[in-house]
Amino acid sequence: MHRARAPFVLPATLVAVLSAVSGCSGGGGTAAPVASPSPSGLVHYAPATGSAAPAASPSPTAPKECVRTAGMSVEQLTGYLKELRSTSGDYQTKGLTLDSSGLNFTPEDIKRPCEAVTVKLTHYWVDLKKTREANAVNGARYEYAYTQIGTASHAAGPQDGRVPDTAPPGSSACRGTVSVAHLGEEPPLRSLPYDLKLMDTPAPVPVTVSGDGVLSAIYVSPPHPESC
């Protein structure tokens, strides 16, 4: 496993902010479903019919649709997954999310992938060091550095649910974590956020990580920075 470190010194303008914040399955019949591809990439699955089926009994539900993701480029798959909504179908909801339990796959019924999608998850330690104690004028000053923990590939879907073994590593007094869900190459250290804030909660918060193929990222703050 490759490890790299890159120190980041918090600017003085940021210290005050930190101090303030701190404190598609088949049918059950004998005939398999018939799929007909469409130009848009969607595959329409229609219920299989037999000679014993009543001629005037159409299905009341519309055929389910799914998207063929095999053969998509990283750019195409990234765009597709970012636009994939959750089962609620609400605007700006995501069918693939990253939170304290790891990767969760709950896409809406239409436009869901026909097969499992391989997603990479890279974790980084955020090691915190206090370089100046707080005083009557200024808050405490901290520096932090990233260390890559490792990268693993995980299959998300096609069934809904949490993807096993994807939860972020546990934090410690002076060590937090950043976790990045992505496709393709691992995000380099220089693409990680340089403006992290100290939080008084262990709950993960979304952060921005630049780079092609990045789907989402979360940050878990060290729980007791005052002891560092």
Side-chain angles (χ1 to χ4, degrees), residues 1-4 24-25 41 64-126 146-172 175-189 191-193 196 199 201-223:
M1 175 183 67
H2 174 71
R3 291 178 177 268
C24 303
S25 58
K64 289 186 176 181
E65 298 177 342
C66 65
V67 176
R68 298 179 187 268
T69 57
M72 283 188 177
S73 65
V74 169
E75 181 180 2
Q76 291 171 327
L77 189 55
T78 301
Y80 162 70
L81 290 175
K82 283 186 173 183
E83 295 176 0
L84 184 63
R85 296 183 182 180
S86 70
T87 51
S88 68
D90 294 339
Y91 179 66
Q92 290 188 336
T93 59
K94 300 295 183 182
L96 181 65
T97 59
L98 179 60
D99 55 27
S100 59
S101 64
L103 289 169
N104 291 275
F105 186 73
T106 55
E108 60 182 343
D109 285 339
I110 61 173
K111 296 185 179 180
R112 63 187 297 126
C114 300
E115 57 276 316
V117 178
T118 299
V119 178
K120 294 181 180 179
L121 190 59
T122 300
H123 300 290
Y124 304 85
W125 291 123
V126 181
Y146 290 111
T147 303
Q148 183 176 324
I149 303 172
T151 300
S153 297
H154 303 274
Q159 295 82 13
D160 292 1
R162 185 177 68 85
V163 181
D165 304 320
T166 57
S171 59
S172 61
R175 171 175 274 184
T177 60
V178 166
S179 300
V180 185
H182 61 96
L183 307 173
E185 298 297 323
E186 302 164 2
L189 293 179
S191 69
L192 300 180
L196 296 177
M199 313 295 291
T201 173
V205 295
V207 292
T208 300
V209 173
S210 59
D212 297 335
V214 174
L215 299 172
S216 60
I218 56 174
Y219 160 60
V220 179
S221 175

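FYI, side chains are in, hydrogens and waters are out, and symmetry mates aren't considered; it's all heavy atoms of this structure. None of these values were measured; they are calculated from a predicted model.
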Residue pair Leu121, Val180: steps toward the side-chain contact (heavy atoms from CB on, under 4.5 Å) verdict | CA-CA 6 Å; Leu121 190 59; Val180 185; 5.9 Å; no

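- Considering only heavy atoms from C-beta on, Leu215 stays 4.5 Å or farther from Leu98 through its side chain.
- With sequence neighbours left out, the side chain to side chain contact (heavy atoms under 4.5 Å, CB included) criterion links Val163 to Leu103, His154, Ala156, Thr166.
- Counting only distance, with no hydrogens or angles, the side chain of Ser86 and the backbone of Gly95 share no donor-acceptor pair below 3.5 Å.
- Interatomic distance, CG of Leu183 versus CG of Leu77, reported as 5.0 Å (0.5 Å rounding).
- To the nearest 0.5 Å, the span separating OG on Ser179 from NE2 on His123 amounts to 4.5 Å.
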Tell me which donor-acceptor pairs under 3.5 Å the side chains of residues 205-213 have, and how far apart each pair is, sequence neighbours excluded?
none

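- From Glu185, atom CD reaches atom OG1 of Thr122 across 10.0 Å, with rounding to the nearest 0.5 Å.
- In this structure the side chain of Leu81 reaches within 4.5 angstrom of the side chain of Val117, judged on heavy atoms.
- With a 4.5 Å cut-off on side-chain heavy atoms, Tyr124 and Thr147 do not count as touching.
- Under the 4.5 Å side-chain criterion, counting only non-hydrogen atoms from C-beta, Pro222 is not in contact with Ser171.
- No donor-acceptor pair closer than 3.5 Å links the side chain of Tyr80 to the backbone N or O of Glu75.
- Side-chain contact check for His182 versus Pro187: some heavy-atom pair is nearer than 4.5 Å.
- Each salt bridge (charged side-chain N to carboxylate O under 4.0 Å, His left out) pair with one or both residues in residues 148-161, not counting sequence neighbours, appears once here: Arg112-Asp160.
- Residues Leu96 and Val119 are in side-chain contact: their nearest non-hydrogen atoms beyond the backbone lie under 4.5 Å apart.
- Phe105 CZ to Gln159 CD: the interatomic distance, rounded to the nearest 0.5 Å, is 9.0 Å.
- In terms of heavy-atom proximity, Pro223 sits nearest to Ser172 at CD-O, 2.7 Å.
- Closest approach of Pro168 and Gly102 over heavy atoms only: CD-N, 4.2 Å.
- The line from CD1 of Ile218 to OG1 of Thr177 is 6.5 Å long, rounded to the nearest 0.5 Å.
- A distance of 9.5 Å separates CG in Leu84 from NZ in Lys111, rounded to the nearest 0.5 Å.
- Under 3.5 Å, the side chains of Glu186 and Thr151 contain a donor-acceptor pair of N or O atoms.
- Here the side chains of Pro158 and Pro113 are not in contact, with every heavy-atom distance at 4.5 Å or above.
- In this structure, Pro193 and Tyr146 have side chains that are in contact, with non-hydrogen atoms separated by less than 4.5 Å.
- No donor-acceptor pair closer than 3.5 Å links the side chain of Thr97 to the backbone N or O of Lys94.
- At least one donor-acceptor pair closer than 3.5 Å links the side chain of Lys82 to the backbone N or O of Val214.
- With 3.5 Å as the limit, one finds a donor-acceptor pair spanning the side chains of Thr69 and Glu115.
- Counting heavy-atom neighbours within 6.0 Å of Gln76 CD, excluding the residue itself, gives a total above 12.
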